[in-house]
Student: 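I have a structure here, written as structure tokens, and I will follow up with some questions on it.
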Amino acid sequence: MSPREKKLDARFYNRKDVLRIARELLGKILVTQLDGIRCSGRIVETEAYAGVHDRACHAFGGRRTARSEDLYGAPGTAYIYICYGMHHLFNVITNEVNIPHAVLVRALEPIEGIDHMLERTGKMTADYTLTRGPGNLSRAMGISKLHSGSMLFSEEIFIGDDGLRYKPDQIVVTSRIGVESAREDAELPYRFIVKGNPYVSARKS
DNA sequence: CGACCGATCGTCT
DNA sequence: GACGATCGGTCGA
């Protein structure tokens, strides 16, 4: 691991306020070191999923199935599931064991391993589509459902802090994307983005 | 630029 | 058997 960033520890993830954690994850660095390939990118878009009372969360109403089991894991667990049959969506689990809070990481600004990201995605150029959107970033970083349940303290996948902080006026809060069926919870201000960052989804603001 | 649509398949009812 | 915490392409204004 490069000495540049310091891994977030269990204390960071083991907190009750998932909205605060989602906000604080902006600017942190997601790192994968898979098969000797190191890739990293700065997190610029997140969404909070607030457990059993959140209609958009897979754990709404206490639902607990084989798919969502990792959502109930220890703080710092990776929860990855397949969406629309082809996209692997990467979440980090927060709060205590059995409290199914999660933060979906939706976009990165690539830092290291861009050539490998291009190879994995089959793209020709490193434009803003490379790691924009949860499906795209997982493909670029080599993250798949196989990594669900693994802890983010390993060398394979983790989140680091290099000290960068966004000022409050650089962060915009909006409703979440793709959760229309969550009825009254669809409009909750649970999405956090870095203002003006080209890797953030273009929708809303 | 916005609206729409097909791809693709694991998961849940 | 229906439905996604998506994506990229197309079509029309």
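Within every chain, numbering begins at 1; the chains are lettered A, B, ... in the order of the sequence lines, protein sequences first and strands thereafter.
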Student: What is the distance, to the nearest angstrom, from the CG atom on A:L89 to the C1' atom on B:dT11?
Tutor: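 Whole-Å distance recorded here is 15 Å.
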
Student: Grab the OH-C1' distance between A:Y49 and C:dG4 for me, whole Å please.
Tutor: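 Whole-Å distance recorded here is 12 Å.
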
Student: If I take atom CD1 in residue A:I93 and atom C1' in nucleotide C:dA5, what distance separates them, rounded to the nearest angstrom?
Tutor: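 In whole Å, C:dA5 C1' lies 13 Å from A:I93 CD1.
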
Student: Quick one about A:T121 and A:R139 (side-chain donor to acceptor, distance below 3.5 Å, no hydrogens or angles considered), yes or no?
Tutor: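 No, no side-chain donor-acceptor pair sits under 3.5 Å.
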
Student: Once you apply the 3.5 Å cut-off to both distances, tell me the Watson-Crick or G-U wobble partner of B:dT8, or none.
Tutor: none

Student: Where the side chain of A:I82 is concerned, which of C:dA5, C:dG8, B:dG10 is the nearest nucleotide?
Tutor: B:dG10

Student: Would you kindly check whether a donor in the side chain of A:H87 faces an acceptor in the base of C:dA5, or vice versa, at under 3.5 angstrom?
Tutor: no

Student: Check the geometry between A:Y84 and B:dA7 and answer yes if their rings are stacked (centres below 5.5 Å, planes below 30°), otherwise no.
Tutor: no

Student: On the nucleotide C:dC7, are OP1 or OP2 found under 4.0 Å from the side-chain N or O atoms that A:K123 carries?
Tutor: no

Student: Would one find a side-chain N or O of A:K145 under 4.0 angstrom from OP1 or OP2 of B:dC9?
Tutor: no

Student: What is the nucleic acid contact for A:N136, judged by heavy atoms within less than 4.0 Å: base, sugar-phosphate only, or nothing?
Tutor: sugar-phosphate

Student: Can you tell me how far C1' of C:dA5 sits from CZ of A:R63, to the nearest Å?
Tutor: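 Going from CZ in A:R63 over to C1' in C:dA5 covers 12 Å.
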
Student: Nearest to the side chain of A:R67, heavy atoms from C-beta on, is which of C:dG4, B:dT11, B:dA7?
Tutor: B:dT11

Student: Between P on C:dC7 and CG on A:L137, what's the gap in Å once rounded to a whole number?
Tutor: 8 Å

Student: Looking only at heavy atoms, what is the nearest atom pair of A:A22 and A:A48, with distance?
Tutor: CB-CB, 4.1 Å

Student: Please report, rounded to the nearest Å, how far the P atom of C:dT6 is from the CZ atom of A:R132.
Tutor: 14 Å

Student: Measuring from the side chain of A:S181 (C-beta onward, heavy atoms only), which nucleotide among C:dG8, B:dT11, C:dG4 has the closest atom?
Tutor: C:dG4

Student: Please give, in whole Å, the distance from C:dT6 P to A:E45 CD?
Tutor: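 The answer, rounded to whole Å, is 10 Å.
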
Student: After noting the C-alpha distance and the side-chain angles of A:T131 and A:E109, does the key distance pass the side-chain contact (heavy atoms from CB on, under 4.5 Å) rule?
Tutor: CA-CA 7 Å; A:T131 50; A:E109 181 182 309; 6.0 Å; no

Student: For A:V179 and for A:R139, find the nucleotide of DNA chain C with the closest heavy atom, then tell me which residue's nucleotide is more 5'.
Tutor: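 Whichever sits nearer the 5' end wins; that is A:V179.
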
Student: To the nearest 0.5 Å, tell me how far A:T174 OG1 sits from A:E187 CD.
Tutor: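 Taking OG1 in A:T174 and CD in A:E187, the distance rounds to 10.0 Å.
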
Student: Between A:R132 and A:P198, is there a donor-acceptor pair closer than 3.5 Å when you use the side chain of the first and the backbone of the second?
Tutor: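 Yes.
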
Student: What is the separation between atom CE on A:M86 and atom P on B:dC9, rounded to the nearest whole Å?
Tutor: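 Spelled out: CE on A:M86 to P on B:dC9 is 8 Å.
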
